[in-house]
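What you are looking at is a predicted structure, and each value in this text was computed from that prediction instead of being measured. Atoms within a ligand are numbered from 1 in the order they appear, just like the ligands themselves.
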Amino acid sequence: MTDDRQQGFDTLQIHAGASPDPATGARQTPIYQTTAYVFRDSDHAAALFNLQEVGYIYSRLTNPTVSALADRICALEGGAGAVCCSSGHAAQIMALFPLMGPGCNIVASTRLYGGTITQFSQTIKRFGWSCTFVDTDDLDAVKSAIDENTRAVFCESIANPGGYITDIPALAAIADDAGVPLIVDNTSATPYLCNPISLGATLVVHSTTKYLTGNGTVTGGAIVDSGKFDWSASDKFPSLSQPEPAYHGLAFHPALGPMAFTFHSIAVGLRDLGMTMNPQGAHYTLMGIETLSLRMRKHVANAQKVAEWLENDPRIDSVTYPGLPSSPYHDRIEKICPKGAGALFTFAVKGGYDACVKLVDSLELFSHVANLGDARSLIIHSASTTHRQLSPEQQEAAGAAPNMVRVSIGIEEAEDIIADLDQALAKATA
Ligand SMILES: *Cc1c(COP(=O)(O)O)cnc(C)c1O
């Protein structure tokens, strides 16, 4: 490219981060199945360890296949830097790790992936961290939940399982006022439908396991940094802005500028936590991501058709898809996810818990799995599975009540998806 115009999404999803292999000319990004990389000489090794030169040392830190994926996700999200890791849950810990210390807390939405609620309400306590959950539609509640020990606000762009759309600019403004970053889990929306950084987020996390891979083959995660947050503006983030004892006293910010967070995540986060993505896994996600926009367009179109059909079916009590004018979040689509409201929603079946279980067991095209964002249509009864560990109040708040099933609408023919629901609903409500 001779001009510096910004390439479009459909181009970046195929080309960003990868050029033909310099050694062989291989057009597709090779799987660099190696643990270590030979240093040119001792000076080269020293420069790499001092972060004076960027290069490969050891695959727990960086690997060329994994880096191609990180750079591609970074380009799609419009970030300054990105790091891949072993799963979406790893990405969440990796995103919080540079920000937090014992006694610190985060303020998070009540509407999150069930596993994230468990991670934030239980597991992070073992690190001396805590989480306050708030209804992120109640902006005053978000403001008053933030205290002097808060180090981040956390939400999902389109929240699993109910298809709730978060007012990201409003939360970003509150986080900015409090001098803390907003972290957005953009898994369900993908960068094709939503760009949290352009809406004011500092960090974006992904479970690449879902739509970015798109074929249900590997787990993975990513953290993208906008590069815009001033980590040195207060003393809240000493691991970034003060000499870091875990990296021979280097103060990552401001020394490494907009790459401070990303370098910290590699040099300290991946080095010491070891939640590394492997090159084979990165390869599957690189294959999937090439068709992300094509798949998301079909996911959204199918979800709209299926949601409309369900809403008009007498066996159904309610449908949460934000693409329906009846959704309270319909008005947010234009601002937050203008290309569509994703393909994940819940619906309430007349007949409650028992009818839901029967529906799930009677479907033939749909797969009953604890996953989402596959090319295939998927269904799960959240209350008896992913949201099982939660209290009834937490289930209700998370949009996973006992009479609800969650669907992740695939990219099959919409008519076939509807026909399968039709026959299974007949059995479930007979
Ligand atoms: C699946 C998921 C996660 C966790 O990701 P894993 O790759 O399964 O660890 C986090 N957030 C959301 C929104 C998810 O859908």
For ligand 1, what are the residues with a heavy-atom contact below 4.0 Å? S87, G88, H89, Q92, Y113, T116, E156, N160, D185, T187, S207, T209, K210, G220, L372

Donor-acceptor under 3.5 Å (S226 side chain, K228 main chain): yes

Output every pair passing side chain to side chain donor-acceptor pair (under 3.5 Å) with a member in residues 118-133, not counting sequence neighbours, ordered by first then second residue. Q92-Q119

Identify whether the distance between the nearest side-chain nitrogen and carboxylate oxygen of D167 and K335 falls below 4.0 Å.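 K335 and D167: salt-bridged.
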
M277 to L69 - nearest heavy-atom pair and separation: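 Nearest heavy atoms, M277 then L69: SD-CD2, 3.6 Å.
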
What residues form a side-chain contact (heavy atoms from CB on, under 4.5 Å) with D230, not counting sequence neighbours?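 side-chain contact (heavy atoms from CB on, under 4.5 Å) check on D230 returns S232, A233, H253.
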
Residues that D137 engages under side-chain contact (heavy atoms from CB on, under 4.5 Å), provided they are two or more places apart: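 Scan of D137 (side-chain contact (heavy atoms from CB on, under 4.5 Å), adjacent residues dropped) gives R111, D135, Y164, Y329, R332.
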
